Trainee: 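Quick one: the structure is below, and I'll ask about it shortly.
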Amino acid sequence: MNKFIKAYSEDGVGVIQLDRPEVLNALNRGMVEEIVAQLESFDRNELIRVIVLKGNEKAFAAGADIEEMLEETSLSLELLNPFAEWDKISLIKKPILAAVNGFALGGGFELALHCDLIIASEDAKFGFPEVKLGVLPGAGGTQFLTKVMGVRKALEWIWLGEQMTADVAHHYGVINRIVAPELVEEETMRLAHQLAKQAPISLRLIKEAVHAAADLTLLEGKLLERKNFYLAFSSEDQKEGMRAFTEKRPPSFRGR
Ligand code: DAK
């Protein structure tokens with residue numbers, strides 16, 4: 001039984017709602033464990049094709065739980081290695097969409113950056129306030145933001161610890177879409193259902209190849225893409241997609 005999240009599914013879309021509204025969805029260890037376990041469960045579930053992560057109207061997540069962090073020591077972190085849990089998010093093969101209303105700060109921003117697409121409200125606020133707490137982003141923030149914005153802009157935002165508006169985040173390619181606050185969930189689900197109709201194997205092979213582009217040389221990336229291209233040809237969905245085209249009907253993909 002989950003204590004810090006709610007999870008449900010809707011026509012092939014698995015939804016995870018962060019649910020600690022009294023602390024703006026501050027991420028404690030238990031909540032991160034529940035999120036990761038639920039992501040892995042959706043990833044294994046053949047009926048789920050796309051995953052949505054959302055918060056509430058005030059916050060996606062206002063960072064890691066500061067009360068909990070206060071108790072940490074270098075040794076407790078080294079021994080527990082809580083970041084290993086976060087690494088599991090990067091291993092999820094299905095598309096993950098973040099629906100962001102309000103604050104996505106610190107670990108909350110990092111959680112959104114672990115997602116493949118980010119849909120945000122006009123009044124969403126993104127940022128890394130860690131510098132004001134005497135630490136630094138630890139769940140990949142310095143790496144994710146730098147890969148998207150470049151060194152100078154990432155340094156400016158992470159050093160100053162200021163909150164970025166949705167417009168600025170959109171300008172730098174940090175988020176995909178901006179919509180009115182009351183439409184964030186609707187637009188995210190619309191996009192999720194649209195993706196859920198695509199060939200699931202294509203989606204996962206594309207996700208792997210596109211994410212790899214950030215780390216590989218052009219030649220290495222092209223070789224990975226090619227391997228995935230060959231792999232797609234052993235799926236029933238490839239036959240179905242191409243046959244449907246020649247028969248002038250919409251394809252019906254089964255993820256096989
Ligand atoms: N932790 C704990 N409680 C929090 C919280 C947080 N991060 N953010 C908000 N709250 C609580 C507030 O204390 C307040 O509780 P009560 O006073 O009502 O008991 C309640 O949520 C409502 O917050 P505010 O009253 O402050 O609401 P406002 O609208 O006035 O302000 C705010 C919203 C987002 C600007 C403000 O709450 C704020 O500055 N929050 C803290 C932002 C922040 O510094 N976040 C932490 C960044 S460091 C790790 C993985 C990841 C990380 C670290 C370790 N491991 C795996 C080990 C990540 C680190 C971070 O995220």
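Fair warning: this is a prediction, and the values are worked out from it, not measured in the lab. Every number for a ligand or one of its atoms is a count from 1 in the order of the listing. Just the heavy atoms: all of them, side chains too, but no hydrogens, waters or symmetry mates, feed the values below.
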Trainee: Does ligand 1 have any N/O atom under 3.5 Å from a protein N/O, and what are those pairs and their distances?
Mentor:
{"residue": "ligand 1", "atom": "1 (N)", "partner": "Ile66", "partner atom": "N", "Å": "3.0"}
{"residue": "ligand 1", "atom": "7 (N)", "partner": "Ala62", "partner atom": "O", "Å": "2.9"}
{"residue": "ligand 1", "atom": "7 (N)", "partner": "Ala64", "partner atom": "O", "Å": "2.9"}
{"residue": "ligand 1", "atom": "29 (O)", "partner": "Lys58", "partner atom": "NZ", "Å": "3.1"}
{"residue": "ligand 1", "atom": "45 (N)", "partner": "Ala62", "partner atom": "O", "Å": "2.9"}
{"residue": "ligand 1", "atom": "61 (O)", "partner": "Ala64", "partner atom": "N", "Å": "2.8"}
{"residue": "ligand 1", "atom": "61 (O)", "partner": "Gly107", "partner atom": "N", "Å": "2.7"}

Trainee: Please go through Met189's hydrophobic cluster and name the other residues, only I, L, V, M, F, W, Y counting, with side-chain heavy atoms under 4.5 Å joining them.
Mentor: Tyr8, Val13, Val15, Val50, Val52, Leu97, Leu117, Ile119, Val179, Leu183, Val184, Leu191, Leu195, Leu203
Trainee: Please determine, by modelled atom types, if Gln238 and Ser235 share a side-chain donor-acceptor pair under 3.5 angstrom.
Mentor: no
Trainee: Any chance you could lay out the side chain to side chain contact (heavy atoms under 4.5 Å, CB included) test for Leu39 and Phe42, step after step, and finish with the verdict?
Mentor: CA-CA 5 Å; Leu39 285 170; Phe42 280 150; 5.6 Å; no
Trainee: For Arg256 and Glu240: C-alpha separation, side-chain torsions, deciding distance, then whether salt bridge (charged side-chain N to carboxylate O under 4.0 Å, His left out) applies.
Mentor: CA-CA 10 Å; Arg256 306 229 170 115; Glu240 166 63 10; over 6 Å; no
Trainee: Check ring-ring contact (aromatic ring centres under 6.0 Å, His included) between Phe60 and all other residues, then give those that pass, not counting sequence neighbours.
Mentor: none
Trainee: Using side-chain hydrogen bond (donor to acceptor under 3.5 Å, both in side chains) as the criterion, list what pairs up with Lys222, not counting sequence neighbours.
Mentor: none
